[in-house]
Amino acid sequence: MDRGNGPDDDFTAAVTVVLEALRPGEVMAYEEVAAEAGYPGAARAVGNLLRRTPGLPWWRVVTSTGRLVPGGEAEQAARLRAEGVVIRSGRVVR
DNA sequence: TATCTGACGATAG
DNA sequence: CCTATCGCCAGAT
């Protein structure tokens, strides 16, 4: 309904859909999520959204180089390993 | 409308 | 491998 004064729910919804489509063990890069959501180049915006929006599988999103997120890489690594993702030196092995 | 911030990406040193 | 800088985008103030 009314959403004239709030943020672009379109962007949030699109990113959320992409993240919900991810299955356990599958990892995507911020840039990939942004492009898949219809906002290529908005990798930073995706990162911000993941950080500000609880309920999203933030641990399944890594940087373009496979590097884990700062500030919680230990936790992210544990979650990914629990889902079958192999991690090497703080990076996701694909 | 302007300005700053930030779970990014790529390039340079 | 590391840090530094620029370019990009959306959100917040």
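Bear in mind the structure is a predicted one, so any value in this text is a computation, not a measurement. Sequence lines set the chain letters: A, B, ... in the order given, protein chains first and strands last, and positions in each chain run from 1.
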Task: Minimum-distance nucleotide (side-chain atoms of A:Arg51 versus B:dC8, C:dA10, B:dA7) - done: B:dA7
Task: Short side-chain N/O contact to B:dA10 OP1/OP2 from A:Arg67, under 4.0 Å - done: no
Task: Separation of atom CG in A:Leu49 from atom P in B:dC8, rounded to whole Å - done: 13 Å
Task: A:Gly41 vs A:Arg91, nearer the 5' end of DNA chain C by closest nucleotide - done: A:Arg91
Task: A:Leu68 CG - B:dC8 C1' separation (whole Å) - done: 14 Å
- [ ] Specify the separation, in whole Å, of atom CG of A:Asn48 and atom P of B:dC8.
- [x] 8 Å
- [ ] Map A:Thr63 and A:Ala45 onto DNA chain B by nearest heavy atom, then report which one ends up closer to the 5' terminus.
- [x] A:Ala45
Open item on the list: Any strand counts, and the cut-off is 3.5 Å on both contacts for Watson-Crick or G-U wobble. Which nucleotide pairs with B:dT1?
Closed with: none
Open item on the list: Could you tell me if A:Trp59 and A:Glu83 have a donor-acceptor pair between their side chains, going purely by distance under 3.5 Å?
Closed with: yes
Task: Distance-only polar pair, side chains of A:Asn48 and A:Tyr30, donor-acceptor under 3.5 Å - done: no
TODO: Would you confirm whether A:Glu31, through its side chain, and A:Gly41, through its main-chain N or O, come within 3.5 Å as a donor-acceptor pair?
DONE: yes
Task: salt_bridge(A:Arg79, A:Glu75) N-O dist < 4.0 Å - done: yes
Open item on the list: Measure CD/A:Glu36 against C1'/C:dC9 and give the value in whole Å, please.
Closed with: 18 Å
Open item on the list: Less than 4.0 angstrom between a side-chain N/O of A:Arg44 and OP1 or OP2 of B:dT5, yes or no?
Closed with: no
- [ ] Calculate the interatomic distance between A:Leu50 atom CG and C:dC9 atom P; express it in whole Å.
- [x] 19 Å
- [ ] Return no unless some side-chain N or O of A:Ser64 is found under 4.0 Å from OP1 or OP2 of B:dA10.
- [x] yes
- [ ] Would you kindly give the CZ-to-C1' distance between A:Arg52 and C:dT13, to the nearest whole Å?
- [x] 11 Å
Open item on the list: Measure OH/A:Tyr39 against C1'/C:dG11 and give the value in whole Å, please.
Closed with: 13 Å
Task: Length of the OH-P vector between A:Tyr30 and B:dA10, whole Å - done: 14 Å
Open item on the list: Quick check on A:Glu36: does its CD atom have over 12 non-hydrogen neighbours (other residues, nucleotides or ligands) under 6.0 Å away?
Closed with: no
